[in-house]
2 protein chains.
Amino acid sequence: MARIGLKDVAALAGVSVSTVSRVLRGIPVKDGMAVQVRDAAHKLGYQPNGLAQALRAGKSGTLGLLIPDISNPWLAELASALEEACRLSGIGLILCNSGNRPDQEEMCLDLLWKHRVDGVFLVSVRGQAPASLSERARADWPVVAFDRSYAGPGIDVVMADNVGGAQALVNHLVSIGRRNIAQIVSGTGLAAGIDRRVGVDDALRRHGLRTADLYVGDFSYASGLAGAEHFIGRGAPAIDAIVAANDLMAIGALRHCVESGLEVPGDVAIAGFDDMSISSWTSPSLTTVRQDPELLATAALDLLLSRLDDAGLPPRTVTVPCTLKVRGSTHPGASDQP
Amino acid sequence: MARIGLKDVAALAGVSVSTVSRVLRGIPVKDGMAVQVRDAAHKLGYQPNGLAQALRAGKSGTLGLLIPDISNPWLAELASALEEACRLSGIGLILCNSGNRPDQEEMCLDLLWKHRVDGVFLVSVRGQAPASLSERARADWPVVAFDRSYAGPGIDVVMADNVGGAQALVNHLVSIGRRNIAQIVSGTGLAAGIDRRVGVDDALRRHGLRTADLYVGDFSYASGLAGAEHFIGRGAPAIDAIVAANDLMAIGALRHCVESGLEVPGDVAIAGFDDMSISSWTSPSLTTVRQDPELLATAALDLLLSRLDDAGLPPRTVTVPCTLKVRGSTHPGASDQP
DNA sequence: ATGAAAGCGCTAACAA
DNA sequence: TTGTTAGCGCTTTCAT
């Protein structure tokens, strides 16, 4: 059974394909003609072939999003926000997940390219542009990256104010009397991790303090668990606060502390970065720095749409502010704030 | 700057487009020709147009996945598993997220259809097939649904053994002495929720028990929180266990109990269904029934691939077994099992 | 207002 | 072995 095309509809309606095309595209035709054609189309269950349309038009009308790990709740929230922003603009969004594998990231870019998405939102695995991206750039493929280290010709960047957020967080910890602050940083090359560390170090310095202890994680729950174990594993902890470079690690650290019988925040305060919905589900709930997915998403979409309009635009970088969310893991009374 | 096509490569290499096409497709040509052509292609930065290829071939070589909520960690894990399974088979997978809105679900199906994915994995918002699906089915669009209520012509179904899993869970609770078991069920029309309730009710009956109390949720964390509040809100709880239809609700219930100062599992045991990675991050970690994403994913892919091979296959339903995961929320000693 | 025809970029059947 | 050509299904001049 062959697919139904414009031709079939035209035959049934007794007109030419161009007339059918016009009717379907809303271009004026003789009265009565429209209904007749639409009728035939409906009778045949006609569905336009988007491939042919896109091939003809030279664009697909959909955007792509590539994320490294769909199981990371914050990335899932960012994806949701982008999806929603695109929906409001009447644009389709398709998602690809690279599972944290650089090679798979290339494959996903190829897949999106193959489907000729008009532009790509890129959250990358590493702090280094995928090799194939420079080829694409040559072909004017608009890309918005969520990592400043990608900034380059034809690539716009949206990022949270990681440095400022981290500073605000440290100021908070100091204000509640913490002086021995340990850090769980990220060993991945991602700019977000680097900037957060810079922010923390900087703020500590301003308070005349230094990082009490350091653990290098990888943004995962497991590494947060390991980090806390490293800090408090042997005897009474010499630290009174742990700052993790993201919430996943903070939640891991929190769990280790709680399971070890420590009081949080009494013995040790714990804070993360991102603010995912699950971050307020812990007991105590997690103090964190929120990087708002909606804000990032709308900024990213604006960037992409404007570049779609004018490919000659210079590379731009937009920085979105963060918000400190004080909750139970640093402030006993604030246990249930959203 | 025009896009580079086969024609341009052909011109540069001084051959015809078909020769270029052959070289790129690995079809034997005269020695030396291949390198020369490949060279030209590389020099021009040629990238094949997947749209044209797919249009020509009548298929895109990629599959689609439509999920209702990317922020649901279990769905994210299912998506990962499908992605991985497809990757191993050398097939591309693109994802769409309907954000739990039925209208958006239709739009996503349209989007996937527009991109002419060769088949679709569908996790639906409701226990009712999207209207547009029946149109597609007419056009031989292979669909694998993760909900038995979608079973129909041209639609295969993969599901976990929800009834069996729920029964095993109740047997466990009874074996540890619980007799007053409350249920947080799901009010959505999804078959999974219905089946789990059937399994629980059935197992209770076999033990000569009945549901001690019931709350109707919606598979969300918030509704789990509300459910537990409903059960234990007023005075001492008359129940000694809570079974939720999924982990998200169980985690909500767990948090409410812990925050209320109850001992878990001492005062009340809590169990869920699904087994997401975050389910073992709670304190105590959550007893649950695992429906394995890998198992479901490989079964679903098998179904889809076989139907791609032979569209005439009758509708099939595959049921995958579940595994009881006993952890700290029902069994104090089991706190850290994976 | 409508139809014929060119062509988007590619592959495959057919010729040479 | 290689080139020519006819479409895949659609939109869009260009004639009519």
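Just so you know, these numbers come straight off a predicted model, no measurement behind them. Note on naming: letters A, B, ... go to the chains in the order of the sequence lines (proteins, then strands), and numbering restarts at 1 for each one.
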Legend entry - Side-chain donor/acceptor of B:Ser18 to base of D:dG3, under 3.5 Å: yes
Legend entry - With B:Cys108, the side-chain contact (heavy atoms from CB on, under 4.5 Å) member among B:Leu95, B:Val120, B:Leu66: B:Leu66
Legend entry - d(CD1, A:Ile27; P, C:dA1) in whole Å: 12 Å
Inset, instruction - Using the closest heavy atom to pick a nucleotide of DNA chain D for each, name whichever of B:Ala52 or B:Met33 lands nearer the 5' end. - result: B:Met33
Legend entry - d(CG, B:Leu55; P, D:dG9) in whole Å: 7 Å
Legend entry - Atom-pair distance (CZ on A:Arg25; P on D:dG9), nearest Å: 18 Å
Legend entry - Atom CG of A:Asp103: over 12 foreign heavy atoms under 6.0 Å: yes
Inset, instruction - Answer yes or no: is there a donor N or O on one side and an acceptor on the other, between the side chain of A:Glu77 and the main chain of B:Ser71, under 3.5 Å? - result: no
Legend entry - Check: B:Arg116 side chain, D:dG9 base, donor-acceptor under 3.5 Å: no
Legend entry - Value in whole Å for how far the C1' atom of C:dG7 lies from CG of B:Asn49: 14 Å
Inset, instruction - Check whether more than 12 heavy atoms from other residues, nucleotides or ligands sit under 6.0 Å from atom CG of B:Asp310, and answer yes or no. - result: yes
Inset, instruction - Using a heavy-atom cut-off of under 4.0 Å over every strand shown, decide if A:Arg22 touches base, sugar-phosphate, or nothing. - result: base
Inset, instruction - Examine D:dC8: is either OP1 or OP2 under 4.0 Å from a nitrogen or oxygen in the side chain of A:Lys7? Give yes or no. - result: yes
Legend entry - Which nucleotide in D:dT2, C:dC10, C:dA4 has an atom nearest any side-chain atom of B:Tyr46: C:dC10
Legend entry - Given C:dG3, D:dT2, D:dC10, the nucleotide with the shortest approach to the side chain of A:Leu6: D:dC10
Inset, instruction - Answer with base, sugar-phosphate or nothing: what part of the nucleic acid does A:Gly58 contact at a heavy-atom distance below 4.0 Å? - result: nothing
Inset, instruction - May I ask you to check whether over 12 heavy atoms, not counting those of A:Met33, lie within 6.0 Å of atom CE? - result: yes
Inset, instruction - Mind calculating the distance between NZ (A:Lys114) and P (C:dC10) to the nearest angstrom? - result: 14 Å
Inset, instruction - Pick base, sugar-phosphate or nothing for A:Pro28, based on heavy-atom distances below 4.0 Å to the nucleic acid. - result: nothing
Legend entry - OP1 or OP2 of C:dG3 under 4.0 Å from side-chain N/O of A:Thr19: yes
Legend entry - Separation of D:dC10 C1' from A:Ile4 CD1 (nearest whole Å): 16 Å
